[in-house]
Amino acid sequence: MKEQLESLLATAVATLQQQGTLPADASVRIQLDRPRDKSHGDFATNLAMMLAKPAQMNPRALAEAIIAAIPANSILAASDIAGPGFINFTISQQQLLQQLERAYADERLGVERTATPKTVVIDYSSPNLAKEMHVGHLRSAIIGDSVARVVEFLGHRVIRQNHVGDWGTQFGMLLAYMEELDTDALNMELSNLETFYKAAKKRFDESEEFAQRARELVVALQSGEPKCRALWQQFIDISLSHCQEVYDRLGVQLTRADVMAESAYNDDLPNVVEDLRKQGLLVEDQGAQCVFLEEFKNKDGEALPVIVQKSGGGYLYATTDLAAIRYRQNVLKGDHLMYFVDQRQGLHFQQIFTLARKAGFARPDLQLDHFGFGTVMGKDGRPYKSRDGGVTKLADLLDEAEKRALALVQEKNNTLTAEEQLNVARVVGISSVKYADLSKNRMSDYIFDWDTMLSFEGNTAPYLLYAYTRVNSVFSRAQVDPSAIDGQFVLNDERELNLANLLVRFNEVVHSVADKAMPHFLCGYLYDVAGAFSSFYEACSILHHDDEAIRQSRLKLAALTAKTLRQGLALLGIPTLEKM
Ligand code: ARG
């Protein structure tokens with residue numbers, strides 16, 4: 001709908017250019033917004049205000065000219081001018097009904113596939129394996145996974161990449177500690193990587209001899225010494241299986257096959273440095289190999305270096321990321337590389353993207369995007385910590401989510417068996433954690449608060465999951481099979497129209513999530529749909545309406561609402577429940 005209207009506007013602008021009302025070189029991006037207030041129509045644009053200056057016209061007069069130049073069509077019911085020159089459009093009901101029927105008949109609920117399928121490589125989760133996953137690893141996994149689902153749903157080929165950190169100096173310390181333990185002690189200690197890391201770190205800080213051994217082991221590891229490699233592999237396997245447990249519990253679609261670890265690029269790192277040298281980009285600075293990029297300057301106006309090799313010969317995080325860009329472009333054949341990594345790494349990504357282009361590692365048309373996100377905060381306004389002040393292991397956090405959800409489910413007087421309660425608690429608990437994250441603008445920090453995320457009121461997972469079961473209950477109460485509904489949509493009541501107008505927007509919302517990598521657009525939308533359904537359901541009788549045509553139409557609205565909620569939640573990586 002939006003696209004059709006935009007193309008009508010583009011035609012109007014072109015006509016005005018031909019007539020000389022607008023200068024031929026006046027270029028604008030035609031952009032339609034949703035007015036805040038429904039009484040202002042379905043779409044609004046500030047086009048006339050943008051073009052007033054080049055046209056040397058008063059914006060309201062230009063708005064009139066634009067409206068007059070829109071070709072005859074069956075989409076628009078009204079076009080009005082508001083304020084200093086906004087144009088508001090109202091879509092015709094005929095059009096709404098057609099779209100609604102189309103969405104209803106379509107298993108994709110009207111969501112169009114992309115006309116230009118691409119290979120999209122999505123880097124997400126990507127934790128360091130030295131420690132167990134903690135609360136700081138939530139956002140990348142959850143947001144990245146949702147965007148991957150959406151991009152895939154639109155018909156792109158998605159390649160997931162879990163760029164785990166398995167190669168830094170920390171591993172020397174861990175290996176040195178492993179060496180010291182006998183088999184039994186080792187197996188025992190490795191069952192909790194958090195305490196294992198702490199114990200190793202303690203040894204490292206206390207004993208110079210141990211620290212020396214740790215440094216030797218890093219060298220041995222990186223040069224491929226077999227015994228050292230085997231020990232390291234044992235550690236990595238355990239750490240990865242911890243990650244996999246977390247992914248499975250979270251419903252994050254990553255598997256072992258998506259792991260492309262930092263170590264996998266090791267052999268290519270000398271080539272990266274050599275190729276930068278050949279391009280004349282390298283400068284030696286205090287023994288380190290650097291590239292100075294004029295695009296990034298410090299406070300004193302000096303170009304910042306990207307260090308690609310340390311004075312001792314070691315390589316860095318940036319070197320590996322340069323190798324990874326080449327791999328994703330040349331081997332995986334990616335057209336678009338997306339990175340879901342903490343906002344604090346923004347500069348790192350801007351630097352390596354710029355450098356990759358300069359060095360010819362990235363084709364000019366390779367799309368490179370770092371999608372950052374804010375920090376998960378505690379109620380005290382500081383990064384979230386566990387009660388003892390340490391970092392919270394994700395596994396423990398998810399246990400707590402399930403436990404709290406179970407208490408909620410048991411408290412609600414219901415007819416579920418004990419086994420059903422456990423299942424509902426698992427879905428509600430995990431979904432609440434995910435949804436609390438997804439529903440916030442990813443660029444902001446957010447406060448991790450059990451009470452709000454588990455609330456049945458507001459824009460939360462419990463609210464939406466419950467809303468879904470309520471919509472479905474319409475069919476059991478009416479004793480109709482949703483697939484047996486028959487007849488056309490008839491919309492009279494304002495609440496029916498409101499719900500219908502939202503339902504036909506699903507396509508637009510899903511596409512905007514993919515374009516901006518912003519899942520909270522979808523959350524806000526689903527929350528609106530659930531709210532609109534509930535107003536509709538309260539005001540418009542379904543079961544007892546004596547006009548069969550209206551009854552059928554209302555059942556159809558309910559059925560499309562249920563499908564939209566279900567599909568929308570699935571794109572967020574949240575399963576629905578049939579009863580709760
Ligand atoms: N392992 C890194 C960290 O924990 C994140 C890696 C993100 N991906 C990348 N290609 N750099 O900070």
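Source: prediction; values computed, not measured. Whatever order the structure lists ligands and atoms in, that order sets their numbers, starting from 1. What's counted below: heavy atoms across the whole structure, side chains too, no hydrogens, waters or symmetry copies.
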Asker: Show the atom names and distances, to 0.1 Å, of all donor-acceptor pairs under 3.5 Å that link a side chain in residues 150-160 to residues at least two apart or in another chain.
Answerer:
| from | atom 1 | to | atom 2 | distance (Å) |
| --- | --- | --- | --- | --- |
| Glu152 | OE1 | Arg160 | NH2 | 3.1 |
| Glu152 | OE2 | Arg160 | NH1 | 3.3 |
| His156 | ND1 | Lys118 | N | 2.9 |
| Arg157 | NH1 | Thr119 | OG1 | 3.1 |
| Arg160 | NE | Tyr124 | OH | 3.3 |
| Arg160 | NH2 | Gln253 | OE1 | 2.9 |

Asker: At their closest point, which heavy atom of His370 faces which heavy atom of Gln350, and how far apart are they?
Answerer: CB-NE2, 4.4 Å
Asker: Go through the structure and list residues passing salt bridge (charged side-chain N to carboxylate O under 4.0 Å, His left out) with Glu295, not counting sequence neighbours.
Answerer: Lys358
Asker: Students often mix this up, so state it plainly: with edges at 30° and 60°, are the rings of Phe456 and Tyr466 parallel, tilted or perpendicular?
Answerer: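 Geometry flag for Tyr466 against Phe456: perpendicular rings.
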Asker: Could you tell me whether Lys403 and Asp399 have a side-chain N and a carboxylate O separated by less than 4.0 Å?
Answerer: no
Asker: Compile the donor-acceptor pairs under 3.5 Å between side chains in residues 301-315 and protein atoms, sequence neighbours left out, one pair per line.
Answerer:
| from | atom 1 | to | atom 2 | distance (Å) |
| --- | --- | --- | --- | --- |
| Glu302 | OE1 | Asn298 | ND2 | 2.9 |
| Gln309 | NE2 | Gly313 | O | 2.9 |

Asker: Who's touching ligand 1 if we go heavy atoms under 4.0 Å?
Answerer: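 Only Asp123, Ser126, Asn128, His163, Tyr317, Asp321, Tyr339, Val341, Gln345, Phe349 have heavy atoms that fall under 4.0 Å of ligand 1, ordered by chain and number.
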